[in-house]
Amino acid sequence: MSDTTTQAGAPGLRPRLPNAPAAAAGPSKVPAVTAVFWAVKVLTTGMGETTSDYLARTLGPVPAVAGAAVLLAAALAAQARADRYRPAVYWAAVVMVSVFGTMAADVAHVALGVPYAVSATAFALALAAVFGLWHRLEGTLAVDTVRGGRREVLYWTAVMATFALGTAVGDLTAATLGWGYLPSGLLFAALIAVPALGHRVLRLPPVLAFWWAYVLTRPLGACFADWAGVGRERGGLGLGTGPVSLVLAAVIAAAVLWLATGSRRPARANA
């Protein structure tokens, strides 16, 4: 089998390895990697950042983290019960991972005093460990083989780690290094283009290109959302984290509704 076997709409980004164990029977439980996928993913990262900040200030850190943990558990349980990719269920889980992942990185820094450089390194090592275990057990990190069971657990564990890592990296550049939110957002916008160009021009391995881009969506969306939400004294537009969160939530809901409507059309499969 070719190592460039991909899902429709995502040429070169969803390979299966020749010696990979067969995936569980049934349809894929993750979406096709298309331009819409990346757009919604970036929106969820921005919403997770501003929503986390808003809830932590409004409710207090402990109630906010506890509430987010409960909602995350409920969202992941619903995703585990789903028989296939369900747009509303899947993206609700991603949103809650985004919110909770942001809180995990922020709590490590604010409550425990862990520098962002240290937490970013720790989250990167954790992600590498998840990838290593996933590949050792399953023989592939290709997400189009996620159809439930152990692969789905490993997939969502990796997703959680990418959000925490991306949050720490974004705050490292914007706050610790003092680059600011807008310059940091522009930096990550440039960096996220590297895997796409590298795959097409330099034949970068598609799985590496996918996860590279996936990690960078987090600081990309978060930096721009923070820039819109924080006050002008912090280099932002001062729109407020609450209003920014509501606008992003509305856009995400509209996109997911569109995806759900499209997924009911018989012309295209998700795997």
Side-chain angles (χ1 to χ4, degrees), residues 38-61 63-69 71-72 75 91-111 114-117 119-120 123-124 127 159-189 191-192 213-253 255-256:
W38 291 115
V40 178
K41 175 64 170 60
V42 171
L43 290 171
T44 63
T45 66
M47 180 189 170
E49 177 71 19
T50 54
T51 301
S52 173
D53 291 345
Y54 177 78
L55 293 177
R57 284 201 308 271
T58 304
L59 302 177
V65 172
L71 292 176
L72 172 62
W91 288 109
V94 172
V95 166
M96 289 315 306
V97 169
S98 178
V99 173
F100 189 79
T102 300
M103 290 180 175
D106 287 344
V107 165
H109 179 73
V110 177
V114 179
Y116 283 124
S119 59
F123 289 133
L127 180 60
V159 168
M160 177 71 77
T162 66
F163 273 94
L165 170 60
T167 298
V169 171
D171 286 335
L172 173 65
T173 61
T176 302
L177 299 181
W179 296 354
Y181 295 111
L182 181 57
S184 294
L186 295 174
L187 168 66
F188 293 119
L191 291 177
I192 204 171
Y214 198 93
V215 169
L216 289 175
T217 58
R218 175 58 187 164
L220 172 65
C223 285
F224 280 112
D226 272 334
W227 173 63
V230 303
R232 296 183 183 277
E233 71 281 0
R234 296 173 59 191
L237 297 179
L239 301 179
T241 55
V244 171
S245 297
L246 288 175
V247 170
L248 291 174
V251 176
I252 292 169
V256 171

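Just so it is clear, the structure is predicted and the values come from calculations on it, not from any experiment. Positions are given from 1 along the sequence.
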Exercise. Could you give me the CA-CA distance, side-chain angles and deciding distance for V99 and L72, then say whether side-chain contact (heavy atoms from CB on, under 4.5 Å) is met?
Key: CA-CA 9 Å; V99 173; L72 172 62; over 6 Å; no
Exercise. Please lay out, stage by stage, how F224 and L186 fare under the test side-chain contact (heavy atoms from CB on, under 4.5 Å).
Key: CA-CA 9 Å; F224 280 112; L186 295 174; 4.0 Å; yes
Quiz prompt | Stepwise side-chain contact (heavy atoms from CB on, under 4.5 Å) test for L237 and V244 | solution = CA-CA 11 Å; L237 297 179; V244 171; over 6 Å; no
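In this structure the side chain of V95 never reaches within 4.5 angstrom of the side chain of T51, judged on heavy atoms. The shortest distance between side-chain heavy atoms of V42 and W38 does not fall below 4.5 Å.
With a 6.0 Å radius and a threshold of 12 heavy atoms from other residues, nucleotides or ligands, Y54 has its OH atom at or below the threshold.
Residue T45 comes nearest to T217 through the heavy atom pair OG1-O, 3.1 Å, listed as atom of the first residue, atom of the second, then distance. Closest approach of F188 and G170 over heavy atoms only: CE1-CA, 4.1 Å. Scanning all heavy atoms of the two residues, the minimum distance from L71 to M96 falls at CB-CE, 3.5 Å. Of all the heavy atoms in V169 and A120, the pair that sits closest is CG2-CB, 4.1 Å. Residue S119 comes nearest to A168 through the heavy atom pair OG-CB, 3.6 Å, listed as atom of the first residue, atom of the second, then distance. G101 and F163 get closest at one heavy-atom pair: CA-CB, 4.4 Å.
The structure places CG of L220 at 9.5 Å from CG of L191, a figure rounded to the nearest 0.5 Å. For the atom pair S184 OG and L177 CG, the distance stands at 8.0 Å (nearest 0.5 Å). Taken to the nearest 0.5 Å, the CD1 atom of I192 stands 11.5 Å off from the CG atom of L187. For the atom pair CG of L172 and CG of L165, the computed distance is 10.5 Å after rounding to the nearest 0.5 Å. L246 contributes atom CG, which lies 12.0 Å from atom CG of L239 (distance to the nearest 0.5 angstrom). Atom CG of residue D171 and atom CD of residue E49 lie 5.5 Å apart, to the nearest 0.5 angstrom.
Listed by chain and residue number, F210, W211 satisfy the ring pair (Phe, Tyr, Trp, His ring centres under 6.0 Å) test with Y214 (two or more places apart in sequence, or in another chain).
Distance alone, capped at 3.5 Å, places no donor-acceptor pair between the S98 side chain and the V94 backbone.
Listed by first then second residue, pairs satisfying side chain to side chain donor-acceptor pair (under 3.5 Å) with a partner in residues 220-237 read Y181-R234, not counting sequence neighbours.
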